[in-house]
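First the proteins, then the strands, lettered A, B, ... as listed; each starts at 1. What you see is a predicted model; the values in this text were computed from it and never measured.
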2 protein chains.
Amino acid sequence: MRFRHCGFLETLKAFLNTLTPLRPETWQRVEPLFSEIRLPKGQFFLEEGRQAAQIGFLTEGIIRAFYRNQDGTEYNKHFFIPNSFAGGYASLITGKPNQIWQQALTNCRLLVADFAALSALYDSAPDLERAARMLAERFFVQKEEREIELVLLDAQTRYALFQQHYPGLEQRIPQYHIASYLGVTPTQLSRIRRKIAQR
Amino acid sequence: MRFRHCGFLETLKAFLNTLTPLRPETWQRVEPLFSEIRLPKGQFFLEEGRQAAQIGFLTEGIIRAFYRNQDGTEYNKHFFIPNSFAGGYASLITGKPNQIWQQALTNCRLLVADFAALSALYDSAPDLERAARMLAERFFVQKEEREIELVLLDAQTRYALFQQHYPGLEQRIPQYHIASYLGVTPTQLSRIRRKIAQR
DNA sequence: CTGATTCCTTTACCTATGTCATTTTTTTTT
DNA sequence: AAAAAAAAATGACATAGGTAAAGGAATCAG
């Protein structure tokens, strides 16, 4: 029995409806699978090596997704901002051990759900499966755009794009996280910033 | 009226069934949408700027997918090998102008279909939509793996991975295409090869 | 408020890789 | 087989960006 209406669930519902309209009876079965959690700054939503089980819809805060290689070097591949899905999507899909880390850069709130429970609904809710298809397609397109950025543009241009894509974010997180997202060292980002400033 | 049974359609059917089992009645509606074409070496399957309309299932030959930036520099993002889907997937999905080129590196055969006609079947064929979902998810996972490669590994390691992922391909296409796939110049790939050889 | 962290910038030096020009090797064509 | 074209290797040089260390600035905790 639920007593209060949670505002964030409405946000999630609205997001899903931007993919494809969900029938009310589908939403009625989806909604109870989600519960709200808080993730304090610095905590991990996801750690490498385990198999991911939960998908999370970020409602407040910033999460960074990153890879770490053997020597401990990190590479920030993405920043999650409110109103988007976090979680080890590739691992959820494939069932293989997750390769990415996800860490809260600020205090966060998420709606989390067990991914297996969600996808078990596909059989009887084709509209939900359609949403899942469109989400996968959207993720694919985002990745392709990011690939084009990484491969075709130099660091300075990527920096400008970062500022466009994540307005205001630069002021909220340390610069070395941005450098890592751009694929350069903090040293190099500093050089780029100086070069831009003295013009 | 069709007179001959085309062997390649069976290959396509088998591929789709690795995603999810298709009902016979669905396959009956999918099959007639595909027709076989030949693409001679050097020809383009896809050119930048247009909106993509067709999806192609490669049955023979090699196709390279690449980006080209303003100054004409090219970057090979992927090689299609037989038994996989080519086509400007992102453009097909979003309806936006296509950003990538696809060119036959050898004589090729493909089964092509109008993507809109295919996706029009989703409403009445949930099993086909499921296949589409799983294909999108698979593409996403591939992209993520490639991203990890590009970002975490150096050129020499990526070269070794290329040889693993595309066995035999190295002998069939010019080295500068491989260099471009690795994100280095032919000069640099040549240096890497020398370094490997003298050990 | 103040000491302690954390973060950012800068400098010096070094390496990987780019550019360009030339030569060698391989492939294709006649 | 010879000639032509394409591809690959090589050398000289330039540069973007990495590493390491150190100092300054900002932020946080007690």
> Within this structure, what is the CZ-to-P distance between Arg193(B) and dT26(C), rounded to whole angstrom?
11 Å
> Counting the benzene-type ring for Trp, do Phe140(B) and Phe139(A) have ring centres under 6.0 Å apart?
yes
> Determine whether the side chains of Arg138(B) and Thr94(A) contain a donor N or O and an acceptor N or O closer than 3.5 Å.
no
> What nucleotide, of dT17(C), dG18(D), dT9(C), holds the atom closest to the side chain of Ser190(A)?
dT9(C)
> If each of Ile192(A) and Gln188(B) is mapped to the nucleotide of DNA chain D with the nearest heavy atom, which maps nearer the 5' terminus, i.e. the 5' end?
Gln188(B)
> Can you check the Asp154(B) CG to dG17(D) C1' distance for me, whole Å?
15 Å
> Near DNA chain C, which residues from residues 163-178 of chain A have a heavy atom under 4.0 Å away?
Pro174(A), Gln175(A), Tyr176(A)
> Compute the ring centroids of Phe162(B) and Tyr166(B), then answer whether they are less than 6.0 Å apart.
yes
> Are Trp101(B) and Glu48(B) linked by a side-chain donor-acceptor pair shorter than 3.5 Å?
yes
> Could you tell me which nucleotide pairs with dT19(C) by Watson-Crick or G-U wobble geometry, both distances under 3.5 Å, or answer none if nothing does?
dA12(D)
> Assess, by modelled atom type and distance only, whether the side chains of His78(B) and Glu147(A) contain a donor and an acceptor separated by less than 3.5 Å.
no
> Grab the CG-P distance between Leu152(B) and dG18(D) for me, whole Å please.
14 Å
> Would you say dG18(C) has OP1 or OP2 under 4.0 Å from some side-chain N or O of Thr185(B)?
yes
> Which one, dG17(D), dT10(D), dG18(C), comes nearest to the side chain of Arg194(B)?
dT10(D)
> Taking the six-membered ring where the residue is Trp, are the ring centres of Tyr75(B) and Phe66(B) under 6.0 Å apart?
no
> Over how many whole Å does the gap from Lys195(B) atom NZ to dT15(C) atom P extend?
13 Å
> Please report the distance, rounded to the nearest Å, between CG in Leu189(B) and P in dT17(C).
11 Å
> For the pair made of CZ in Arg191(A) and C1' in dG17(D), what is the distance, rounded to whole Å?
6 Å
